[in-house]
Amino acid sequence: AKAERKGGFCRFEGWMDRTLADRRALERDLRLAVERRELEVFFQPQFACDSLRVVGFEALIRWRHPERGFVSPGVFIPLAEECGLIVPIGRMVLEQSCTLAAGWQPRCRVAVNLSPVQFRDTGLLPLLSEILHRTGLPAALLELEVTEGVLIKDEDQALATLRSLKDLGVHIALDDFGTGYSSLSYLRRFPFDGLKIDKCFVQAQQQDSGTRTILEAVLTMSQRLNLRVVAEGVETQEQLAMLREQGCTELQGFLLGRPMPAHEVPDFLARVTVE
Ligand code: C2E
Ligand code: CA
Ligand code: CA
Ligand code: CA
């Protein structure tokens, strides 16, 4: 199969390049990886745009394959979604993230990516309340990052799920804003606490004044709607300066901090100022 561009100008579904046999092999390995606990959660810091204090971390999964080496989540998450493995994988990420975050000093937010498959799983709500209860992490310190993929199929159902998640007390951010069909009206219609501007968008604004104009409009509207805006993929001082000037709330990117293994987080937190 040929690679297909899906949902925007810079998102490739990497596994589509592979032959069927390749995918079967990868799927078998992924099943084993789950059993052998080869999947590990890394954490990337997020910073307040004005003070550059740490406000939280995003949990990002990593797979250390014994022979293939490091396999990117961009490759295996779509595959896991297709074969259903995303449910046990997602559960593991939620459990590890909440357990670890409950022990961080000082406490700060942890953001966990939620696949549309997990979002539609009826087991999600009981799972979340059980994990929050067991780990003792205050619900307000957990943010779930969802993509517009959860919204398109059945808007009423999506709205009902988002409301019951909000009732639990967790926060919800709309991820990858600026790719796909993300519509500004989603921000008004659904109860999001924040949105994350995709790195393609952050990185395009420098060369492209049209992108910059859209970004300004999104930031202005978000302020009116009282939404936090996290810009991701911030790699340069120029991008940082521009985002600050435009009133962005939070920043995430290689310029300020790369994803790190969980065991490095406590030291990191001891060295920085936390909001
Ligand atoms: P995402 O949610 O948009 O995550 C942000 C991605 O941008 C991460 O890639 C992160 O490492 C990368 N990134 C952060 N700062 C920079 C930067 O300054 N420059 C560049 N070029 N990249 C930056 P990663 O870790 O490879 O994850 C890729 C995608 O895989 C994620 O995109 C997310 O969609 C998915 N993913 C990762 N972990 C999970 C998970 O636990 N569950 C689910 N459902 N999806 C996950
Ligand atoms: Ca994310
Ligand atoms: Ca994103
Ligand atoms: Ca993305």
Taking all heavy atoms of [X] and all of [Y], pick out the closest pair and write down the distance.
{"X": "C108", "Y": "G56", "value": "SG-CA, 4.1 Å"}
{"X": "V112", "Y": "L94", "value": "CG1-CD2, 3.8 Å"}
{"X": "L269", "Y": "P106", "value": "CD1-O, 4.0 Å"}
{"X": "L132", "Y": "A139", "value": "CD1-CB, 3.9 Å"}
{"X": "E232", "Y": "D198", "value": "OE2-OD1, 3.4 Å"}
{"X": "P191", "Y": "L159", "value": "CD-CD1, 3.7 Å"}

For residues [X] and [Y]: do they belong to one hydrophobic cluster (side chain heavy atoms under 4.5 Å, members Ile, Leu, Val, Met, Phe, Trp, Tyr)?
{"X": "L227", "Y": "L174", "value": "yes"}
{"X": "I197", "Y": "F192", "value": "yes"}
{"X": "L144", "Y": "L60", "value": "no"}
{"X": "V75", "Y": "L32", "value": "no"}
{"X": "V55", "Y": "V230", "value": "no"}

Under the side-chain contact (heavy atoms from CB on, under 4.5 Å) criterion, do L114 and I172 qualify, and how do the steps go? CA-CA 10 Å; L114 209 60; I172 303 163; over 6 Å; no
How about [atom1] on [X], more than 12 heavy atoms from neighbouring residues, nucleotides or ligands closer than 6.0 Å, or not?
{"X": "R120", "atom1": "CZ", "value": "yes"}
{"X": "H263", "atom1": "NE2", "value": "yes"}
{"X": "R189", "atom1": "CZ", "value": "yes"}

I want to check something: taking the side chain as every heavy atom from C-beta on, are [X] and [Y] in contact at a cut-off of under 4.5 Å?
{"X": "V87", "Y": "S115", "result": "no"}
{"X": "L243", "Y": "L215", "result": "yes"}
{"X": "V265", "Y": "L100", "result": "no"}
{"X": "E38", "Y": "W63", "result": "yes"}
{"X": "L255", "Y": "Q237", "result": "yes"}
{"X": "L30", "Y": "V71", "result": "no"}
{"X": "L39", "Y": "F76", "result": "yes"}
{"X": "P261", "Y": "R62", "result": "no"}

Check this for me, if you would: do [X] and [Y] make a salt bridge, where the nitrogen-to-carboxylate-oxygen distance has to be below 4.0 angstrom?
{"X": "E130", "Y": "R134", "result": "yes"}
{"X": "D193", "Y": "K166", "result": "yes"}
{"X": "E250", "Y": "R109", "result": "yes"}
{"X": "R31", "Y": "E27", "result": "yes"}

When you look at L256 and L240, which way does the side-chain contact (heavy atoms from CB on, under 4.5 Å) test go after all the steps? CA-CA 10 Å; L256 298 165; L240 186 150; 4.2 Å; yes
What's the separation between atom [atom1] in [X] and atom [atom2] in [Y], rounded to the nearest 0.5 Å?
{"X": "M242", "Y": "R212", "atom1": "CE", "atom2": "CZ", "result": "5.0 Å"}
{"X": "F70", "Y": "H65", "atom1": "CZ", "atom2": "NE2", "result": "13.0 Å"}
{"X": "T161", "Y": "L151", "atom1": "OG1", "atom2": "CG", "result": "10.5 Å"}
{"X": "E143", "Y": "N113", "atom1": "CD", "atom2": "CG", "result": "10.5 Å"}
{"X": "E58", "Y": "D175", "atom1": "CD", "atom2": "CG", "result": "6.0 Å"}
{"X": "I131", "Y": "S97", "atom1": "CD1", "atom2": "OG", "result": "9.0 Å"}

Main chain of [Y], side chain of [X]: is a donor-acceptor contact present, judged purely on distance under 3.5 Å?
{"X": "Q239", "Y": "E235", "answer": "yes"}
{"X": "Q223", "Y": "G247", "answer": "yes"}
{"X": "R107", "Y": "A102", "answer": "yes"}
{"X": "R244", "Y": "C49", "answer": "yes"}
{"X": "Q203", "Y": "G233", "answer": "yes"}

Could you walk me through whether D176 and E145 pass the side-chain contact (heavy atoms from CB on, under 4.5 Å) check? CA-CA 9 Å; D176 294 348; E145 297 190 358; over 6 Å; no
Pairs where residues 87-120 contributes a residue and the test ring pair (Phe, Tyr, Trp, His ring centres under 6.0 Å) is met, not counting sequence neighbours: F43-W104, F57-W104
Going by ring-ring contact (aromatic ring centres under 6.0 Å, His included), name the residues that satisfy it together with F190, two or more places apart in sequence or in a different chain.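 So F190 forms a ring-ring contact (aromatic ring centres under 6.0 Å, His included) with Y186.
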Could I get the full list of ring-ring contact (aromatic ring centres under 6.0 Å, His included) partners for F254, not counting sequence neighbours?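 With sequence neighbours excluded, F254 shows a ring-ring contact (aromatic ring centres under 6.0 Å, His included) to no residue whatsoever.
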Go through the steps for L168 and L128 under the test side-chain contact (heavy atoms from CB on, under 4.5 Å), then give the verdict. CA-CA 8 Å; L168 272 184; L128 273 171; 3.8 Å; yes
Going by atom types alone, do Q252 and Q44 pair a side-chain donor with an acceptor below 3.5 Å? yes
